[in-house]
Amino acid sequence: MDYQDGGAAFEALVGLLNYPMFVVTTQADGERAGCLVGFATQVSIQPRRFLVGLSNKNHTFRVARNAEHLAVHVLSSRQHDLARLFGEQTGDEDDKFGQCGWRSGPHGLPILDDTAAWFSARILERLPLGDHVAFLLEPQAGQAPEKVGRLVTFSDVNHFDPGHPA
Ligand SMILES: Cc1cc2nc3c(=O)[nH]c(=O)nc-3n(C[C@H](O)[C@H](O)[C@H](O)COP(=O)(O)O)c2cc1C
């Protein structure tokens, strides 16, 4: 049969998808962290569950290892610069939170100003899945309007130069 090599087909396919992007933030031991995340999705309706994949190379992952909660933000399309800040800089070298507006939210989580919507969540499990670790989340609090305009999606940011190689 005339199939493409599985790996090549898979990589081509995922490159075509245009899923929403998130900024995931956290704090532990007095340290704040956050990065741009594409590997994130709801995985259960009842109970409410959400999964976030954090690269084991990222500063955010290292802080999240000791954290009890994460905050998940979606960005409106006019927040391209915020996406770039969290996707191209690393907390290993830069203070991202000195370069954007934020406030302390539930459980001391850094909540970014003026995002389209966000929720905070308790970390239920950490599942090593390869070069990313999946954080299984129980959403707890947040803010979301009834409608949003266009959000930052993968095609808006797939040319970024990540702060850490994947
Ligand atoms: C399009 C795109 C998608 C990304 N998806 C993820 C992701 O799902 N999980 C992740 O941990 N990092 C992801 N990153 C990489 C981080 O956002 C990036 O390396 C960041 O600079 C890490 O910051 P930190 O070291 O402060 O955590 C993505 C970056 C880009 C540009």
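Counting starts at 1 for both ligands and their atoms, in listed order. None of the values given here were measured: they were computed from a predicted structure. Start at 1 with the first residue, then count along the sequence.
- Taking any N or O of Asp92, backbone or side chain, none lies under 3.5 Å from an N or O belonging to ligand 1.
- Of all the atoms in ligand 1, the ones that sit under 4.0 Å from a non-hydrogen atom of Pro162 are 19 (O).
- In terms of polar-atom proximity, defined here as any N/O pair under 3.5 Å, Met21 makes no such contact with ligand 1.
- Across all non-hydrogen atoms, the minimal contact from Gly15 to Phe154 is O-CE2, 3.9 Å.
- Here the CZ atom belonging to Phe22 is positioned 8.5 Å from the CG atom belonging to Leu151, to the nearest 0.5 angstrom.
- Of all protein heavy atoms, the one lying nearest to atom 26 (O) of ligand 1 is Gly91 N, 2.7 Å.
- When hydrogens are left out, the protein atom nearest atom 9 (N) of ligand 1 is Gly53 O, 2.9 Å; that is the closest non-hydrogen contact.
- Remark: minimum distance from atom 21 (O) of ligand 1 to any protein heavy atom is reached at Gln89 O, 2.8 Å.
- His164 and Thr90 share a side-chain donor-acceptor pair at under 3.5 Å.
- Note that the OH atom of Tyr19 and the OG atom of Ser155 stand 10.5 Å from one another [nearest 0.5 Å].
- Every atom of ligand 1 with a heavy atom of Phe154 under 4.0 Å away is listed here by number and element: 1 (C).
- Among protein heavy atoms, atom 31 (C) of ligand 1 sits closest to Phe160 CB, 3.6 Å.
- Counting heavy-atom neighbours within 6.0 Å of Arg48 CZ, excluding the residue itself, gives a total of 12 or less.
- Heavy-atom distances between His132 and ligand 1 reach below 4.0 Å in at least one pair.
- Of all the listed residues (Lys96, Arg32, His164, His59), Lys96 holds the heavy atom that lies closest to atom 23 (O) of ligand 1.
- Regarding atom 18 (C) of ligand 1, its nearest protein heavy-atom neighbour is Gly87 O, 3.2 Å.
- Residues Ile123 and Leu136 fail the side-chain proximity criterion, which asks for heavy atoms closer than 4.5 Å.
- Residues Val23 and Lys96 fail the side-chain proximity criterion, which asks for heavy atoms closer than 4.5 Å.
- For Glu146, the CD atom counts as loosely surrounded, since its 6.0 Å shell holds 12 or fewer non-hydrogen atoms of other residues, nucleotides or ligands.
- Note that CG of Leu112 and CH2 of Trp118 are 10.5 Å apart. Values are rounded to the nearest 0.5 Å.
- Of the protein's non-hydrogen atoms, Thr60 OG1, 2.6 Å is the one closest to atom 27 (O) of ligand 1.
- For atom 13 (C) of ligand 1, the nearest non-hydrogen atom from the set Val157, Leu36, Thr90, Val37 belongs to Leu36.
- In this structure, CZ in Phe160 is found 4.0 Å from NE2 in His80, a value given to the nearest 0.5 Å.
- Looking only at protein heavy atoms, the nearest one to atom 5 (N) of ligand 1 is Gly38 N, 3.2 Å.
- Remark: Leu16 CG is packed, more than 12 non-hydrogen atoms of other residues, nucleotides or ligands lying under 6.0 Å away.
- Surrounding CD of Gln99 are more than 12 heavy atoms belonging to other residues, nucleotides or ligands, all under 6.0 Å away.
- With hydrogens left out, the protein atom closest to atom 12 (N) of ligand 1 is Asn58 ND2, 3.1 Å, a heavy atom.
- Considering backbone and side-chain N/O of Gly163, one or more are found under 3.5 Å from N/O of ligand 1.
- The shortest heavy-atom distance from Phe86 to ligand 1 is under 4.0 Å.
- Every atom of ligand 1 is numbered from 1 in the order shown, and the set under 4.0 Å from a heavy atom of Ser55 is 10 (C), 11 (O).
- Put simply, the side chain of Thr25 does not reach to within 4.5 Å of the side chain of Arg32, judged on heavy atoms.
- Short contacts between ligand 1 and Phe39, defined as distances under 4.0 Å to a heavy atom of the residue, involve ligand atoms 8 (O).
- At under 3.5 Å, not a single nitrogen or oxygen of Cys35, backbone or side chain, sits near a nitrogen or oxygen of ligand 1.
- Close approach of ligand 1 to Leu54 (heavy-atom distance below 4.0 Å) involves ligand atoms 11 (O).
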